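Numbers here are sequence positions counted from 1. What you see is a predicted model, and the numbers here were worked out from it, not measured in a lab.
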Amino acid sequence: MRGRETAVRRAAVNWIVPLCIIVFCACAYFLTTEFDRVPPILKRGMQPADFPQLVIMLMGFLALWLAFVDKSTAPTPLPPVVYVSLGMMAGFLGLAQVDLFLALGVFGFCLTLIWGDRRWWALAIVAVVVPFGVFLLFDQAFDIRFPRGLLTNLWYG
């Protein structure tokens, strides 16, 4: 029974995962074909779809490399905390509809907590300082305005 389980895991690593990546890349590439084109008079380099398409093609190439060249053994199963972290991403997406920076703070705090850090100052940095720093960097340095939310309404007025 153990040999069968190992063979199935090896097949998943060598073929199923790269196939899923390639399907994702094909769907993402198709979505980039819907980007608007810049008129030739305004074009100073690449079109908006060019860079994402290059990244997607690189991902596809690496997935093919993984399927045909890399013959490593199956990794050990992930610990349950990884699945909890992935589930928290759904909560982040829901809370981001209320406010992006509130979601960043709560997600960072909870993620740091479930991964085992109990230092109050580290939790405070991840929950408050990092989202505030990201906000200030993009808002003040790059002049990028964020969507309105609970906290951003306080800043934007």
Side-chain angles (χ1 to χ4, degrees), residues 12-13 16-67 70 72 74-157:
V13 168
I16 296 171
V17 172
L19 181 65
C20 291
I21 294 170
I22 291 169
V23 168
F24 170 79
C25 288
C27 294
Y29 191 90
F30 173 74
L31 290 174
T32 64
T33 62
E34 301 295 317
F35 290 179
D36 291 335
R37 308 265 321 152
V38 175
I41 191 113
L42 298 176
K43 185 178 174 189
R44 290 192 178 144
M46 299 171 58
Q47 290 287 336
D50 292 346
F51 182 73
Q53 288 174 348
L54 287 172
V55 172
I56 291 167
M57 287 188 284
L58 175 63
M59 288 173 56
F61 171 75
L62 291 174
L64 288 172
W65 181 273
L66 180 66
D70 183 40
S72 59
T76 58
L78 297 173
V81 72
V82 173
Y83 298 109
V84 173
S85 301
L86 288 173
M88 284 177 44
M89 292 177 89
F92 170 79
L93 292 174
L95 193 55
Q97 300 305 313
V98 175
D99 188 274
L100 176 64
F101 295 97
L102 179 64
L104 279 173
V106 170
F107 180 75
F109 178 82
C110 293
L111 193 65
T112 306
L113 201 60
I114 68 165
W115 278 85
D117 200 342
R118 299 291 185 261
R119 297 170 296 176
W120 65 269
W121 57 269
L123 294 171
I125 287 173
V126 170
V128 178
V129 176
V130 170
F132 188 66
V134 168
F135 177 79
L136 286 179
L137 175 70
F138 281 90
D139 187 64
Q140 299 297 307
F142 300 140
D143 286 330
I144 296 174
R145 289 184 62 92
F146 288 97
R148 295 278 183 156
L150 287 175
L151 298 177
T152 51
N153 279 340
L154 294 174
W155 181 265
Y156 293 138

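For Arg118, the salt bridge (Lys or Arg N to Asp or Glu O under 4.0 Å) criterion is met by no residue, not counting sequence neighbours. Under the side chain to side chain contact (heavy atoms under 4.5 Å, CB included) criterion, Ala124 pairs with no residue, sequence neighbours left out. Applying the salt bridge (Lys or Arg N to Asp or Glu O under 4.0 Å) criterion to Asp117, with sequence neighbours excluded, gives Arg119.
Listed by first and then second residue, the side chain to side chain donor-acceptor pair (under 3.5 Å) pairs that reach into residues 89-108 are Asp99-Thr152, sequence neighbours excluded.
Considering every non-hydrogen atom in both Leu150 and Leu102, the closest pair reads CD1-CD2, 4.2 Å.
Summarising the geometry, atom CG belonging to Leu64 is positioned 9.0 Å from atom CG belonging to Leu62; distances are rounded to the nearest 0.5 Å. Atoms CE and CG, on Met89 and Leu111 in that order, are 9.0 Å from each other to the nearest 0.5 Å. Of the inter-residue distances, the one linking Arg148 atom CZ with Leu100 atom CG reads 14.5 Å to the nearest 0.5 angstrom. Distance CZ/Phe101 to CG/Asp139: 8.0 Å, rounded to 0.5 Å.
In this pair, Phe142 and Phe138 present their aromatic rings perpendicular. The plane angle is above 60°, beyond the 30 to 60° band.
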May I have the step-by-step check of side chain to side chain contact (heavy atoms under 4.5 Å, CB included) for Val55 and Leu58, ending in yes or no? CA-CA 5 Å; Val55 172; Leu58 175 63; 5.6 Å; no

So Phe92 and Val106, side chain to side chain contact (heavy atoms under 4.5 Å, CB included) or not? Walk me through it. CA-CA 8 Å; Phe92 170 79; Val106 170; over 6 Å; no

Sequence neighbours left out, cut at 3.5 Å: what donor-acceptor pairs do the side chains of residues 125-136 make with other protein atoms?
none

Side-chain polar contacts of residues 17-30 - donor-acceptor pairs under 3.5 angstrom, sequence neighbours left out - could you list them?
none

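Panel note: side chain Tyr83, backbone Leu78; no donor-acceptor pair is recorded below 3.5 Å.
More than 12 heavy atoms of other residues, nucleotides or ligands shown are found within 6.0 angstrom of CE on Met57.
Residues Val82 and Pro79 have side chains in contact (heavy-atom distance under 4.5 Å, counting atoms from C-beta outward).
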